[in-house]
Amino acid sequence: MTDREISAAQLKIKEWYARYGRDNLPWRMTDDPYHIYLSEVMLQQTQVKTVLERYYFPFLKKFPTLKALGDAPLDEVLKMWEGLGYYNRARNLHKTAQTLIGQAQGAAPTLPTEIDELIKLPGIGKNTAHAVAAFAFKQPVPVMEANVKRILCRLFLLKSPNDKHLWEYAYRLVDKNNPFDYNQAMMDIGATICLPKKPECGECPLEEICNGKKDPEHYPVKKSRKVPVREQNIQLHIYDDKLSLTQRTGKFLHRLWGFESVEMPQCATRHIGMVTHTYTHFKLVCNVFAYYETEPEQEHYFSVSEIKKLAISKVDEKIIKLYLHTISGE
DNA sequence: AACCCGTGGAT
DNA sequence: TATCCAAGGGT
C-alpha cells in the first residue's frame, strides 16, 4: 500500500469509529494505567462480555490500586479470578504489583511507560505491552491481537503468517496521530464486522482496500485441533460431613483447591457418578467415588460454606455439585 | 516452534 | 450437540 492509501484507510477507520465504536467500555473511559493494564490481562483469550459483566468491576472494587493488589494475599487474588481461567494471569498480576511496589520504595507504585520495560514484567507479552503503551500512555504503536490479526490476514491475503510478519503490517498501518482511537477501532471492527464466520464486509470501512472480501473465511486458515480424552478416578474423602480438598501445586490450575485423582479407588468406596469437563487441549472424564472415613486421614477438611471461601476450578465445582446432589437424595 | 494453560459465548 | 475461538503469555 502507498502512503496515500494508508492515510485514506486511517481516515475511514477514524470516521467509522466515531459512529459505531463501542464507547461504553469502562477501560476506554479511564486514564488509570492500572485499570487499563488489568483490563488487558483479563481480556487475554477472554471475551469482552465475560470480563465486563462478571470480573472487571468486582476485582477493582476489591483491589482499587496496584498497592492494594500487591499487598493482598495471593489466595484472595485467585478467589477474585475464580472461573475466569488461565490462573497464571492472576499470579503474574500479583507478582507484577509486588515488583512495582518494591521499585517504588515507599511511594505509590506505577507502571513503566516504555514497551521494553513493560514487557519485562511477568504476564505482559508483546501485545499487552503495546496495548498499555498505546491506551494508557498514548504512544504511537499498534496492538496485534486476535481481531487485528484476522483483519490483517484478510486485507493482505495472509493464510498463516508468523507474528513477526503481522507486526510489520501492523506498524505500517497504525495511525500515529491517533493511536488510541485507531487501535480501539481495529478491535471493534474485528469484533463486530470482520467476524471469523460470516463477516459483514458490506459494513466494513476497509472494504475498498480489502483483498480478502471475496472469500474472507479463507484467511487465515483455521487449524483443526483434536481433543484427547483423559480418564480419572476422584476419591472424595468425607469425614463428619466435610470434604478433604488440597491446594494444587503443579502448573495446571496452580494454587487452586480441588480433589486429587487416584489410580484405584480404595475398597469401601461408592461410585456416586461421573463428571466431564472439556479443556482446550483435552477432555476430562472423572469417575467420582465417595469414601466415608471414621477418623480424619487427610490434612484439610472443609464444610460446604468453608469451601465457598476457597478458589476452586470449574471441574471441582462440578464434583462438589455431584456430591451435594448425592447426599440430598439419601 | 509447538505445546501448555480455562472457561464460556456464539452458532 | 459439537465446534470454534476469544483484547495471549510462558516455556
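Chain letters run A, B, ... following the sequence lines, proteins first, then strands; residues in each count from 1.
Ion pairing of A:Lys79 with A:Glu76 is absent here, as no side-chain N (NZ or NE/NH1/NH2) approaches a carboxylate O to less than 4.0 Å.
The distance from atom NZ of A:Lys283 to atom C1' of B:dC5 is 20 Å, rounded to the nearest whole Å. Distance, A:Asn92 CG to C:dG8 C1': 12 Å, rounded to whole Å. Protein atom OH of A:Tyr86 is 9 Å distant from nucleotide atom P of B:dC5, rounded to whole Å. Rounded to a whole Å, the NZ atom of A:Lys149 is 13 Å from the P atom of C:dC5.
Within 4.0 Å of A:Leu253, counting heavy atoms only, lie sugar-phosphate atoms of the nucleic acid but no base atom. Among the atoms of the strands shown, none is found under 4.0 Å from any heavy atom of A:Leu195. Contacts of A:Gln184 with the nucleic acid, taken as non-hydrogen atoms under 4.0 Å apart, include base atoms. Counting any heavy atom pair closer than 4.0 Å across all strands shown, A:Lys198 reaches no nucleic acid atom. The residue A:Ala131 sits apart from the nucleic acid: no heavy atom pair falls under 4.0 Å. A:Thr128 comes within 4.0 angstrom of sugar-phosphate atoms only, judged by non-hydrogen atoms across all strands, and of no base.
Taking the C1' atoms as reference points, C:dT1 lies 16 Å from B:dG8, given to the whole Å. Rounded to whole Å, the separation between the C1' atoms of C:dG9 and B:dG9 comes to 22 Å. Across the C1' atoms, C:dC4 and B:dG6 are found 15 Å apart, a figure rounded to whole Å. To the nearest whole angstrom, the two C1' atoms, one in B:dA1 and one in C:dG8, are 16 Å apart.
Rounded to the nearest 0.5 angstrom, A:Phe135 CZ and A:Gln184 CD are separated by 3.5 Å.
Within the structure, salt bridge (charged side-chain N to carboxylate O under 4.0 Å, His left out) pairs that include any residue of residues 277-293 of chain A do not occur (at least two apart or interchain).
The phosphate of C:dA6 (OP1 or OP2) has a side-chain N or O of A:Arg150 nearer than 4.0 angstrom. A sub-4.0 Å separation between OP1 or OP2 of B:dC5 and a side-chain N or O of A:His254 is absent. An OP1 or OP2 oxygen of B:dG8 is reached within less than 4.0 angstrom by a side-chain nitrogen or oxygen of A:Lys314. The side chain of A:Asn147 places an N or O atom within less than 4.0 Å of a non-bridging phosphate oxygen (OP1 or OP2) of C:dA7. Contact between the side-chain N/O atoms of A:Gln45 and the OP1/OP2 oxygens of C:dG8 is found at a separation under 4.0 Å. At B:dT7, one or more side-chain N or O atoms of A:Tyr87 fall inside 4.0 Å of OP1 or OP2 (strictly under the cut-off).
Shown here is A:Glu208, whose CD atom has no more than 12 heavy atoms of other residues, nucleotides or ligands within 6.0 Å.
When side chains are defined from C-beta on, A:Phe259 does not count as touching A:Val315, because their heavy atoms never get closer than 4.5 Å.
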